[in-house]
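Accompanying notes for the structure given below.
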Amino acid sequence: QVQLVESGGGLVQAGGSLRLSCAASGRTFTINAMGWFRQAPGKEREFVAAISWNDGSTYYADSVKGRFTISRGNAKNTVYLQTNSLKPEDTAVYYCAVLARYYCSGYGCLSLDAKYDYWGQGTQVTVAS
C-alpha cells in the first residue's frame with residue numbers, strides 16, 4: 001500500500017501561481033510513476049502531468065504545457081506541481097496518484113487514470129477571474 005497526502009491548494013487570482021505537493025508513504029519502493037489529475041465540477045477527471053520514477057521523464061496535458069511543471073523532491077517520495085499563469089478554467093480538485101503494480105511509460109500510458117493504483121484525497125484549486 002502507498003498512502004498519499006496532497007497540500008498546497010487554495011484560492012488565487014487569474015495569472016497567479018500555486019505549488020501543489022504530494023507526499024507518499026508506505027511501500028514507496030514500488031512506485032513506477034506519479035501523476036497529477038484534476039476534476040472540475042460536472043466534468044470527468046482529466047490528466048494534468050506525470051513523472052516517471054525510472055528516468056525522470058515528464059509528460060503534460062496540452063492545456064497546461066508551458067504553465068505547469070511536475071518535479072520530484074529531494075526526499076524522492078514527494079512530487080510537486082508548480083502551477084503558473086493560472087486561468088479560471090484550471091479550477092478543479094487536483095489529485096495525486098501513484099502507478100505501482102505495472103511498469104508504464106510514455107504519455108499514452110501515463111495519461112490514463114485507470115493505470116494508477118493509489119490516489120490522494122485531493123486538494124482544491126480555485127482561480128478567480
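Note that the structure is predicted; figures quoted are calculated from it, not measured. The chain is numbered in sequence order, starting from 1.
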- Message: Does anything in residues 50-64 form a salt bridge (charged side-chain N to carboxylate O under 4.0 Å, His left out)? List the pairs, not counting sequence neighbours.
- Response: Asp62-Lys65
- Note on the structure: For residues 118-129, the salt bridge (charged side-chain N to carboxylate O under 4.0 Å, His left out) pairs (sequence neighbours left out) are none
Between [X] and [Y], is there a donor-acceptor pair closer than 3.5 Å when you use the side chain of the first and the backbone of the second?
X	Y	answer
Thr83	Leu18	yes
Thr91	Pro88	yes
Tyr107	Ala61	no
Glu6	Gln121	yes
Asn77	Ser25	no
Asp117	Leu99	no

- Message: Evaluate Leu81 against Val79 for side-chain contact (heavy atoms from CB on, under 4.5 Å), listing each step before the verdict.
- Response: CA-CA 7 Å; Leu81 186 69; Val79 67; over 6 Å; no
- Note on the structure: When rounded to the nearest 0.5 Å, the distance separating OG of Ser129 from CD of Gln13 is 8.0 Å
- After noting the C-alpha distance and the side-chain angles of Tyr102 and Asn32, does the key distance pass the side-chain contact (heavy atoms from CB on, under 4.5 Å) rule? CA-CA 8 Å; Tyr102 303 102; Asn32 288 318; 5.7 Å; no
- Message: Centre-to-centre under 6.0 Å for Phe37 and Tyr116, is that the case here?
- Response: yes
